[in-house]
Amino acid sequence: MDAKTLSAAPMGVFTAAYWKAARNELRNVRVLAFAGLIAALAMILECFPVYLLGPSLKIYFSFLVISLGCRCYGPVVGMMVGAIVDSLGFLLSGYGEPYFPGYLLTAILSGLIYGVGLYRRPLRWWRVLAVRLAINYGSNVLLGSVWKAMLYGKGYYYYFTTGLVKNTTLLPVEVVLTLLVLGLAERQGLDKKYLHKK
């Protein structure tokens, strides 16, 4: 199978061809430049949360550019970008909090989930919902509660409960916004016209 056919054909996540294609994204200069842009935009967006119901419920829009990037360049580059965004984001604006490697693990895992769920897959609402469910409840609630309990000491169930309420409330907004952004990028041909030109 030649490179052109490989890039056009959908592949199963559990195939060697899928992970070879995802790894080969590291050799595409346009993809690496785009990944740098995504990382920079994500760090900027992290600085401007929108407060929905006071300071306890806020939404960061960095997930939109991260999901867009992972849809284009897959899980391998996605994990790398997640690590860069977390590490550089902390160095540039740590807000006086201690560095905690658990959040690095969460960022890498989120890049993996976005990449596996969206890379080389047709854009469907249920697929975006599945990705958001995995990130909101797996990364943010389950893992995030562990990290917060270790850092701040109020107990796992306190953070689990507050995280569950927050992530459930934000879930429909995140799914709709992700669908809008990914759909717009697809209609404009971002991936096929600019990143993976034939």
Side-chain angles (χ1 to χ4, degrees), residues 38-72 75 78-79 81-83 85-87 89-90 92-119 121-186:
I38 291 293
L41 284 172
M43 285 185 280
I44 291 168
L45 289 172
E46 282 286 315
C47 296
F48 300 101
V50 172
Y51 294 91
L52 300 177
L53 294 172
S56 61
L57 186 61
K58 56 188 173 183
I59 184 169
Y60 294 91
F61 291 102
S62 55
F63 72 91
L64 292 173
V65 293
I66 296 291
S67 61
L68 174 62
C70 289
R71 177 162 173 76
C72 295
M79 290 187 289
V81 169
V85 168
D86 181 76
S87 301
F90 174 79
L92 295 175
S93 57
Y95 302 112
E97 296 185 5
Y99 178 76
F100 187 70
Y103 291 117
L104 174 64
L105 176 63
T106 302
I108 292 170
L109 181 61
S110 294
L112 175 65
I113 294 169
Y114 277 125
V116 167
L118 301 174
Y119 180 60
R121 300 279 177 263
L123 184 60
R124 302 286 186 266
W125 70 266
W126 52 266
R127 185 169 283 124
V128 173
L129 175 62
V131 167
R132 285 305 327 168
L133 285 170
I135 288 174
N136 282 29
Y137 297 116
S139 296
N140 297 348
V141 176
L142 294 177
L143 278 179
S145 300
V146 172
W147 309 149
K148 287 178 181 175
M150 291 172 71
L151 278 171
Y152 305 116
K154 281 193 178 178
Y156 176 79
Y157 291 108
Y158 170 81
Y159 296 111
F160 177 85
T161 306
T162 56
L164 189 64
V165 171
K166 176 184 175 182
N167 282 277
T168 302
T169 305
L170 294 178
L171 181 64
V173 177
E174 292 167 335
V175 169
V176 169
L177 289 176
T178 302
L179 280 168
L180 288 173
V181 169
L182 297 186
L184 179 62
E186 190 172 278

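Everything numeric in this text was worked out from a predicted model, so none of it was measured. Numbering starts at 1 and runs along the sequence shown.
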Asks: Please work out which of the three classes, parallel, tilted or perpendicular, describes the rings of Tyr152 and Tyr159, given edges at 30° and 60°.
Replies: tilted
Asks: Do Phe100 and Leu105 have side-chain heavy atoms sitting under 4.5 Å apart?
Replies: no
Asks: For the atom pair OG1 (Thr169) and CD (Glu174), what is the distance rounded to the nearest 0.5 Å?
Replies: 10.0 Å
Asks: Is the closest side-chain heavy-atom distance between Leu118 and Ser67 below 4.5 Å?
Replies: yes
Asks: Is any side-chain heavy atom of Asn136 closer than 4.5 Å to a side-chain heavy atom of Lys166?
Replies: no
Asks: Please report the shortest heavy-atom distance between Trp147 and Gly102, naming the atom on each side.
Replies: NE1-O, 3.0 Å
Asks: From Trp126 CH2 over to Leu133 CG, what is the distance, rounded to the nearest 0.5 angstrom?
Replies: 13.0 Å
Asks: Check whether any side-chain heavy atom of Ile66 sits under 4.5 Å from a side-chain heavy atom of Tyr114, and report yes or no.
Replies: yes
Asks: Just grab all the salt bridge (charged side-chain N to carboxylate O under 4.0 Å, His left out) pairs involving residues 141-160, residues at least two apart or on different chains.
Replies: none
Asks: Within the structure provided, determine whether Leu109 and Ile113 are in side-chain contact (heavy-atom separation under 4.5 Å).
Replies: yes
Asks: Measure across Cys70 and Tyr119 and return the closest heavy-atom pair with its distance rounded to 0.1 Å.
Replies: O-CB, 3.8 Å
Asks: Where do Arg127 and Gly117 come nearest, in terms of heavy atoms and distance?
Replies: CD-O, 2.9 Å
Asks: Enter the distance from Leu45:CG to Tyr60:OH here, rounded to the nearest 0.5 Å.
Replies: 12.0 Å
Asks: Between Ala107 and Asp86, what is the shortest heavy-atom contact and its length?
Replies: CB-CB, 3.9 Å
Asks: Can you tell me how far the CE atom of Met150 sits from the OG atom of Ser145, to the nearest 0.5 Å?
Replies: 13.0 Å
Asks: Using the test ring-ring contact (aromatic ring centres under 6.0 Å, His included), find all partners of Tyr158 that sit at least two apart in sequence or belong to another chain.
Replies: none
Asks: Please name the pair of heavy atoms, one in Phe61 and one in Ile59, separated by the smallest distance, quoted to 0.1 Å.
Replies: CZ-CG2, 3.8 Å
Asks: What are the two closest non-hydrogen atoms of Ser110 and Ser139, and how far apart are they?
Replies: OG-OG, 3.7 Å
Asks: With no hydrogens and no angle check, do the side chains of Tyr137 and Arg132 hold a donor and an acceptor under 3.5 Å apart?
Replies: no
Asks: Please tell me if the side chains of Phe63 and Ile135 come closer than 4.5 Å, counting only heavy atoms from C-beta onward.
Replies: no
Asks: Listed by chain and number, what are the side-chain contact (heavy atoms from CB on, under 4.5 Å) partners of Ile108, not counting sequence neighbours?
Replies: Met79, Ala83, Leu104
Asks: Can you check whether Leu68 reaches Leu64 side chain to side chain, under 4.5 Å on heavy atoms?
Replies: no
Asks: Within a strict 4.5 Å, meaning less than it, do heavy atoms of the Met43 and Leu92 side chains meet?
Replies: yes
